[in-house]
Amino acid sequence: MGMTISEKILAAHAGKERVEPGEIVMVDVDVNLANELSAALAIDEFLKIKGADRIVRPEQAIFVPDHFTPAKDISTAKLVQRVRQFALDQRARWFEVGRAGIEHCVLPQHGIVGPGQVIIGGDSHTTTYGALGAFSTGVGSTDVAVAWAIGQTWLRVPPTVKVTYHGTLRPWVKGKDLILYTIGQMTVDGATYMAMEFHGETLRELPMAGRFTMANMSIEAGAKNGIFHVDDVTREYLASVGHTAYTEYWSDPDAEYVAEVDIDAGAIEPQIALPSLPENSRPVSEVGDISIDQVVIGTCTNGWIEDMREAAQVLQGHRVSSHVRCIIVPGSQEVQREMVREGLMQIFMDAECIVSTSTCGPCIGGHMGVLGEHERCVSTTNRNFVGRMGARSAEIFLANPAVAAASAIAGHIAGPEEIVSRDLVPV
Amino acid sequence: MDTLQGRVWKYGANINTDVIIPGRYCHITEPTELAKYCMADLDSTFVEKISRGDIIVAGGNFGCGSSREVAPLSIKASGIGAVVAPSFARIFYRNSINIGFPIFESAPAFEEIDEGDEVEITPSTGIIKDLTKGTEYQAAAFPEFLQAIIARGGLRGYAEEVLARRKATAFTP
Ligand code: SF4
């Protein structure tokens, strides 16, 4: 019996020939990520571990403050101070504001993550790096602390569900739509404890940005990890960020899957996930007239330069509706720099959007765009849970950047075709 | 671990970490402080009405959403003795084991136990008894490795053993 890519990576890191789904293995960790929130708790735990005083492999311990950064108040400032001091004392890698942004965009862009690695992070969307062919999963703070101390973590080998996409994507349909549609089919716990392995000819055309979005949101179907195989798109991306030494793993043709899902991607329209679960996805054209108060475009799910270009293409020459706040949140400083270079900042400002510094802020209801009672927001983030972006009564609709931009202009939920003249070729 | 006994508070499926401990409180790390906001966005009366040792019985995919370890921490600190659900989201599952907070997987227990019932759980066997109804349920067994972590009170004990072993076998000239 063959093995899947996830099984092969775990076996290699457990020093074993093969592993079976359900088996618990101790694996070597290549990259161990923490943000200021997960790090703060992890530090408390680390200091309690008898016999641990140094991080065993400090160059692999990455710290990215992003959730409440730049600090929103004194207590979050104190928290970040403590984490920074620890990271510096341990000679770990600390990404200061101005050199960083949101963790899941920062790590790929600095060439830290790549194919064949085992990556853990004190953040559930650590699944993002599966887009590069890594086994990458979110863990808790105690896991992060223990991996600092011993360089390893325990993982239950997940069974794998194979998701295959067929056909050519319609205009304005992106990775976000594929994953929202897939979660709609599989439900929010359809892949709990499982690896989601993405296949199909549709994906070969998908840029890295779309793949990152899909791997990012695999957790929203409950998955442990979402994983792609390396192809020329991946190799080119890795070369561009200077990540050159890596091992490519491939699922065997006779690998065993617990389930196989086939999706006719050519039939999918731009999607929108209604409140309050990501599984409530449906075509934008079917949701009817829903007025909105805020739009958020960006963050770790859709904060890549490709996403910014899509939003800009829709917003160019338009203005955001007079009763809507449109907040653009680039995924990183790197993305924001590129936005300036390409003139996207000008387009966004002329359209009367605001461009925020790269932070989790509004995504987690922290700062920079918290929703009030009964407000509605179209957001390119990944979760529309009750209270996620602010007041409990506020409602969040998840969409891709072009849909979010179109909705900002219309003042109600709208598809890009409603806004952009038809002769314009979509990016 | 001793027998757990308490009154049941019942909730539905897909209880996510954003309602267990909303993002606005996530910068808090002090357990007693965290306990004040436990379930804040699900049930604002939660903290006042529960007593130490009470048990949460909830629907499937309990604890889905973020990796925040403050979610099981806040429940533990609030005084809740255990959570019973048909399934747990995976990070919540591992966080609970890692911090030594008891969780039990049983679908029939969720279907049949009602709010207000008095329930007794024996962690070593996974037997859940509804004392009010006189019914009994068997929770799914934990894999051996996890039982060992649970027996040490969490993952920290395991890490300490690994470090001690490495130190003992380290080459000394
Ligand atoms: S942007 Fe949102 S989903 Fe992404 S890491 Fe930040 S809080 Fe998490």
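Below, chains carry the letters A, B, ... as their sequence lines are ordered, and counting in each starts from 1.
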S.K.: If you count heavy-atom pairs under 4.5 Å with chain A, which of B/Gly65, B/Cys64, B/Ala13 comes out on top?
M.R.: B/Gly65
S.K.: Heavy-atom distance under 4.5 Å to chain B: side chain of A/Met389, backbone, both or neither?
M.R.: neither
S.K.: Nearest 0.5 angstrom please: B/Cys26 SG to A/Phe68 CZ, how far?
M.R.: 6.5 Å
S.K.: So for B/Leu42, is it side chain, backbone, both, or neither that comes closer than 4.5 Å to the heavy atoms of chain A?
M.R.: backbone
S.K.: Using a cut-off of under 4.5 Å for heavy-atom pairs, which of A/Val139, A/Val386, A/Leu79 has the most such pairs with chain B?
M.R.: A/Val139
S.K.: Between A/Ile49 and chain B, with a heavy-atom cut-off of 4.5 Å, which part of the residue counts as in contact: side chain, backbone, both or neither?
M.R.: both
S.K.: For a quick test of reading the model, state the closest non-hydrogen atom pair linking B/Ala159 to A/Ile150 and the distance between them.
M.R.: O-CG2, 4.0 Å
S.K.: With 3.5 Å as the limit, can you list every donor-acceptor pair between chain B and chain A, backbone and side chains included?
M.R.:
{"residue": "B/Asp18", "atom": "OD2", "partner": "A/Arg388", "partner atom": "NH1", "Å": "3.1"}
{"residue": "B/His27", "atom": "NE2", "partner": "A/Ser75", "partner atom": "OG", "Å": "3.2"}
{"residue": "B/Asp41", "atom": "O", "partner": "A/Arg392", "partner atom": "NE", "Å": "3.0"}
{"residue": "B/Asp41", "atom": "O", "partner": "A/Arg392", "partner atom": "NH2", "Å": "3.2"}
{"residue": "B/Gly65", "atom": "O", "partner": "A/Arg383", "partner atom": "NH2", "Å": "2.9"}
{"residue": "B/Ser67", "atom": "OG", "partner": "A/Asp123", "partner atom": "N", "Å": "3.2"}
{"residue": "B/Ser67", "atom": "OG", "partner": "A/Ser124", "partner atom": "N", "Å": "3.4"}
{"residue": "B/Glu69", "atom": "OE1", "partner": "A/Ser141", "partner atom": "N", "Å": "2.5"}
{"residue": "B/Glu69", "atom": "OE1", "partner": "A/Thr142", "partner atom": "N", "Å": "2.7"}
{"residue": "B/Glu69", "atom": "OE1", "partner": "A/Thr142", "partner atom": "OG1", "Å": "3.4"}
{"residue": "B/Glu69", "atom": "OE2", "partner": "A/Thr142", "partner atom": "N", "Å": "3.3"}
{"residue": "B/Glu69", "atom": "OE2", "partner": "A/Thr142", "partner atom": "OG1", "Å": "2.5"}
{"residue": "B/Phe88", "atom": "O", "partner": "A/Tyr193", "partner atom": "OH", "Å": "2.9"}
{"residue": "B/Arg90", "atom": "NH1", "partner": "A/Thr137", "partner atom": "OG1", "Å": "2.8"}
{"residue": "B/Arg90", "atom": "NH1", "partner": "A/Gly138", "partner atom": "O", "Å": "3.3"}
{"residue": "B/Arg90", "atom": "NH2", "partner": "A/Thr137", "partner atom": "OG1", "Å": "3.3"}
{"residue": "B/Arg90", "atom": "NH2", "partner": "A/Gly138", "partner atom": "O", "Å": "3.2"}
{"residue": "B/Arg94", "atom": "NE", "partner": "A/Asp143", "partner atom": "OD1", "Å": "3.4"}
{"residue": "B/Arg94", "atom": "NE", "partner": "A/Asp143", "partner atom": "OD2", "Å": "2.9"}
{"residue": "B/Arg94", "atom": "NH1", "partner": "A/Trp154", "partner atom": "O", "Å": "3.0"}
{"residue": "B/Arg94", "atom": "NH2", "partner": "A/Asp143", "partner atom": "OD1", "Å": "2.9"}
{"residue": "B/Arg94", "atom": "NH2", "partner": "A/Thr153", "partner atom": "OG1", "Å": "3.4"}
{"residue": "B/Arg94", "atom": "NH2", "partner": "A/Trp154", "partner atom": "O", "Å": "2.7"}
{"residue": "B/Asn95", "atom": "OD1", "partner": "A/Gly140", "partner atom": "N", "Å": "3.3"}
{"residue": "B/Asn98", "atom": "OD1", "partner": "A/Trp154", "partner atom": "NE1", "Å": "3.2"}
{"residue": "B/Asn98", "atom": "ND2", "partner": "A/Asp143", "partner atom": "OD1", "Å": "2.7"}
{"residue": "B/Asn98", "atom": "ND2", "partner": "A/Asp143", "partner atom": "OD2", "Å": "2.9"}
{"residue": "B/Glu105", "atom": "OE2", "partner": "A/Tyr193", "partner atom": "OH", "Å": "3.1"}
{"residue": "B/Arg156", "atom": "NE", "partner": "A/Glu45", "partner atom": "OE2", "Å": "3.0"}
{"residue": "B/Glu160", "atom": "OE2", "partner": "A/Lys50", "partner atom": "N", "Å": "2.8"}
{"residue": "B/Arg166", "atom": "NH1", "partner": "A/Ile150", "partner atom": "O", "Å": "3.1"}
{"residue": "B/Arg166", "atom": "NH2", "partner": "A/Ile150", "partner atom": "O", "Å": "3.0"}

S.K.: Just so I understand: if I count every heavy-atom pair under 4.5 Å between each of A/Leu277, A/Val56, A/Ile364 and chain B, which residue has the most?
M.R.: A/Ile364
S.K.: Side chain, backbone, both or neither: which part of B/Pro143 has a non-hydrogen atom closer than 4.5 Å to chain A?
M.R.: side chain
S.K.: Residues two or more places apart in sequence or in another chain: which of them pass salt bridge (charged side-chain N to carboxylate O under 4.0 Å, His left out) with B/Asp54?
M.R.: none
S.K.: With only heavy atoms counted, which part of B/Ile91 is less than 4.5 Å from chain A, the side chain, the backbone, both or neither?
M.R.: side chain
S.K.: Under 4.5 Å heavy-atom distance to chain B, tell me which part of A/Leu155 shows up: side chain, backbone, both or neither.
M.R.: both
